**Q** 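Below is the structure I would like to discuss, written out as structure tokens.
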Amino acid sequence: MGTRKELKKRARLSVKQSYWRAVSVCFLIAMLTTAYPVTTTFFGFHAVSGGILSEPSGTSDLSNSDVVIQIADSFVPGDSIVRQIPEVVLEAGGLVIDICTSAGSLLFSVLRAVNGFILEDPGAVTAFLAAGAVLSLLGHIFISNLLIIGEKRFFMEARRYRQTRISKIFFLYKLRCIWSPAWVMLCRAVCQTLWNFTIAGGIVKHYEYSLIPYILAENPRIGRKKAFYLSRQMTQHNKWKLFQIDLSFLGWKILSLPTLGILDFFLVNPYVAGCRTEVYFSLRRNYVLSRCAGYEYLSDSYLEHIPSEDELLISKALYDDSQGPYTKISYFAPEQYPVFLFSVQPPARAVNNPIKADQKYDWLSYIFLFFAFSVFGWALEMLASLVRNGKLPDQIMLVGPWLPLYGICGVILLLFVKRFSGTPVVVFMLNFSIYSVLSYLLSWLFESGLGLQVRDYDNYFLNVNGRIYLGGSTAFALLGCAFLYYLAPRWTEVFQKLSREKRMILCMVLTCLGIADIAYTILTKL
């Protein structure tokens with residue numbers, strides 16, 4: 001393996017040539033997984049401890065440190081040992097827990113479930129707690145772990161191909177290659193968790209297993225035994241060097257704290273990800289050149305070797321003769337990895353024509369998308385609350401399974417923001433602003449007009465009067481981008497398959513149900 005100075009120099013050059021894409025990828029991974037807990041804590045994706053709880057008061061929207069305190073209070077008889085710890089020490093320790101952990105992690109989902117079972121009526125919450133724990137587990141297996149592999153794939157390609165797309169983080173879903181990588185990553189997590197109980201063994205195994213996501217990113221179909229074996233062999237005699245490299249980033253992590261995690265987003269996370277990618281390729285190169293056992297599984301030569309134009313033309317001609325899935329829509333993308341030459345090919349049904357985010361919609365489609373996005377937003381909030389708190393939200397304004405705020409924002413995006421679809425950063429900022437303003441106004445109107453508190457984010461970092469907070473607006477901005485660029489075109493494609501009469505009937509029924517629900521809610525709350 002090369003020296004730290006050489007690796008970091010190559011990492012800086014690699015990240016610099018595709019800087020904004022690297023920043024965007026790390027931002028998405030931070031928001032969608034638990035990979036960067038320090039960053040997401042300051043964005044307020046979970047409550048931050050505000051001090052010692054005088055009495056346990058339920059499980060909803062508690063910080064991770066408060067959950068730990070409640071566990072201690074519940075299981076220690078008599079005077080809790082938590083009460084004997086100086087308040088300054090307790091709050092400092094709580095802040096460290098909140099910063100270094102994620103509320104979406106499986107561990108804290110289970111701890112919240114245990115708290116809810118102890119502090120609330122077991123008969124009423126057991127099913128929700130179990131559902132929340134199961135959803136958290138499934139989310140980690142089939143979403144977080146696969147996206148982390150996708151992040152590795154992006155940085156592996158971006159070293160040589162400057163125009164690597166951000167959507168590369170979803171490449172396993174595109175390939176329909178999910179089960180094998182998910183199983184290997186699950187085994188890795190289980191083994192790592194068991195070794196963590198030995199502390200020293202957990203540190204050693206952390207570095208021994210650290211290359212598994214990269215190996216899966218290069219060869220998604222590799223088996224569990226081979227992936228573990230290759231990672232173990234490639235890190236042999238290099239664990240101390242890997243530890244030193246991680247230790248060298250400690251100063252950057254500390255420096256990012258005064259910036260509330262902003263430095264992490266724009267510099268530290270992409271830099272660290274790029275450096276770890278260089279470490280993998282350094283170890284991989286030595287392993288392949290040495291022809292060590294199993295080197296043939298590291299078979300993606302195009303990650304190191306950029307094919308010439310002649311090579312691409314010959315390969316494309318041979319590929320067309322094979323009638324592969326990319327035959328009809330394959331194209332030569334400048335400075336992008338030749339996906340039609342990847343060792344794992346998607347099924348033909350998974351290769352679709354490019355989506356046009358700026359396509360036109362008729363008035364029936366707008367009505368349908370309003371309700372579709374409203375229902376989708378309601379389902380997401382229910383799932384998020386189950387995973388985070390082990391319970392459904394306490395305040396559900398409408399009887400039906402929809403949240404009109406999502407539908408209103410979605411229609412506004414299609415009417416006014418769609419024209420900026422060529423600039424995703426502008427779309428993201430407009431989504432953020434639109435949702436923040438509308439959410440705040442809606443909460444204010446309900447509180448002043450009906451005396452109802454729609455949202456309560458007082459315990460969340462960077463909130464505005466408890467009505468909105470930075471994390472919620474950021475999450476919706478990402479969801480709004482997904483709606484504009486993918487969900488709306490795909491949903492409309494399905495909707496347009498219905499006859500015009502059926503589309504009109506469906507829209508009329510949805511509109512009548514929505515108006516009736518709103519009228520019922522207003523009359524019953526007055």
Side-chain angles (χ1 to χ4, degrees), residues 167 170 173-174 176 325 327-329 346-384 392-393 396-422 424 427 430-431 434-435 438-439 441-442 445-446 454 476-525:
S167 60
F170 303 106
Y173 300 101
K174 180 74 172 180
R176 300 295 195 270
T327 298
K328 294 182 179 180
I329 66 171
R349 66 180 183 278
V351 181
N352 300 312
N353 291 319
I355 297 175
K356 295 181 180 180
D358 58 347
Q359 70 178 57
K360 294 183 179 180
Y361 300 91
D362 59 17
W363 64 276
L364 286 176
S365 296
Y366 279 116
I367 296 175
F368 169 74
L369 291 174
F370 168 83
F371 285 100
F373 200 37
S374 298
V375 173
F376 187 71
W378 177 89
L380 285 182
E381 293 213 3
M382 297 300 105
L383 290 174
L392 294 176
I396 302 177
M397 300 305 300
L398 299 177
V399 176
W402 42 49
L403 290 175
L405 176 61
Y406 282 80
I408 294 172
C409 290
V411 171
I412 291 176
L413 296 183
L414 297 179
L415 288 174
F416 304 107
V417 180
K418 183 177 61 177
R419 68 189 66 181
F420 303 104
S421 60
V427 172
L430 289 174
N431 288 346
I434 291 169
Y435 175 81
L438 290 180
S439 182
L441 288 177
L442 180 66
L445 287 173
F446 271 91
V454 180
F476 180 85
L478 291 173
L479 184 61
C481 290
F483 177 75
L484 179 62
Y485 288 104
Y486 183 80
L487 296 177
R490 288 301 184 210
W491 288 346
T492 302
E493 183 180 342
V494 175
F495 180 65
Q496 291 294 336
K497 292 180 180 179
L498 300 174
S499 64
R500 182 173 177 81
E501 291 74 15
K502 291 181 179 179
R503 281 183 278 147
M504 292 186 66
I505 293 173
L506 177 60
C507 290
M508 290 176 60
V509 170
L510 291 174
T511 301
C512 292
L513 289 175
I515 293 174
D517 197 349
I518 293 174
Y520 174 81
T521 300
I522 294 176
L523 292 175
T524 55
K525 299 299 182 180

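Only a predicted model underlies this, so the values are computations on that prediction, with no experimental measurement involved.
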**Q** Grab the two heavy atoms, one from E493 and one from K497, that are nearest each other, plus how far apart they are.
**A** O-CG, 3.4 Å
**Q** Please report the interatomic distance CD1(I515) to CG(L510), rounded to the nearest 0.5 Å.
**A** 11.0 Å
**Q** Do F373 and L403 come within less than 4.5 Å of each other through their side chains, counting heavy atoms only?
**A** no
**Q** If I take atom CG from residue L479 and atom CG from residue L380, how far apart are they, to the nearest 0.5 angstrom?
**A** 6.0 Å
**Q** Are Y366 and C507 close enough that some pair of their side-chain heavy atoms sits under 4.5 Å apart?
**A** no
**Q** Tell me, do F495 and L364 make a side-chain contact under 4.5 Å, heavy atoms counted?
**A** yes
**Q** Shortest non-hydrogen contact from F483 to P489?
**A** O-CD, 3.9 Å
**Q** First locate atom NZ of K418, then atom NZ of K356, and finally report the distance between them rounded to the nearest 0.5 Å.
**A** 12.5 Å
**Q** Specify the closest pair of heavy atoms between S421 and D358, including all atoms of both residues, with the distance to one decimal.
**A** OG-CB, 3.8 Å
**Q** Between T492 and L369, is there a side-chain heavy-atom distance shorter than 4.5 Å?
**A** yes
**Q** Measure the OG-CD1 distance between S499 and I505 for me, rounded to the nearest 0.5 Å.
**A** 7.5 Å
**Q** Check for me whether the distance between the ring centres of F371 and W402 falls short of 6.0 Å.
**A** yes
**Q** Would you say that P347 contacts R176 through its side chain, given a criterion of any heavy-atom pair below 4.5 Å between the two side chains?
**A** yes
**Q** Would you mind writing out the side-chain donor-acceptor pairs for residues 406-417 within the sub-3.5 Å range, not counting sequence neighbours?
**A**
from, atom 1, to, atom 2, distance (Å)
Y406, OH, E381, OE2, 2.9

**Q** Is the closest side-chain heavy-atom distance between Y485 and V427 below 4.5 Å?
**A** yes
**Q** Calculate, to the nearest 0.5 Å, the distance between atoms CG and OG belonging to L405 and S439 respectively.
**A** 5.5 Å
**Q** Tell me, do Q496 and S365 make a side-chain contact under 4.5 Å, heavy atoms counted?
**A** yes
**Q** So, do M504 and L498 sit near enough that their side-chain heavy atoms are less than 4.5 Å apart?
**A** no
**Q** Main chain of P346, side chain of K174: is a donor-acceptor contact present, judged purely on distance under 3.5 Å?
**A** no
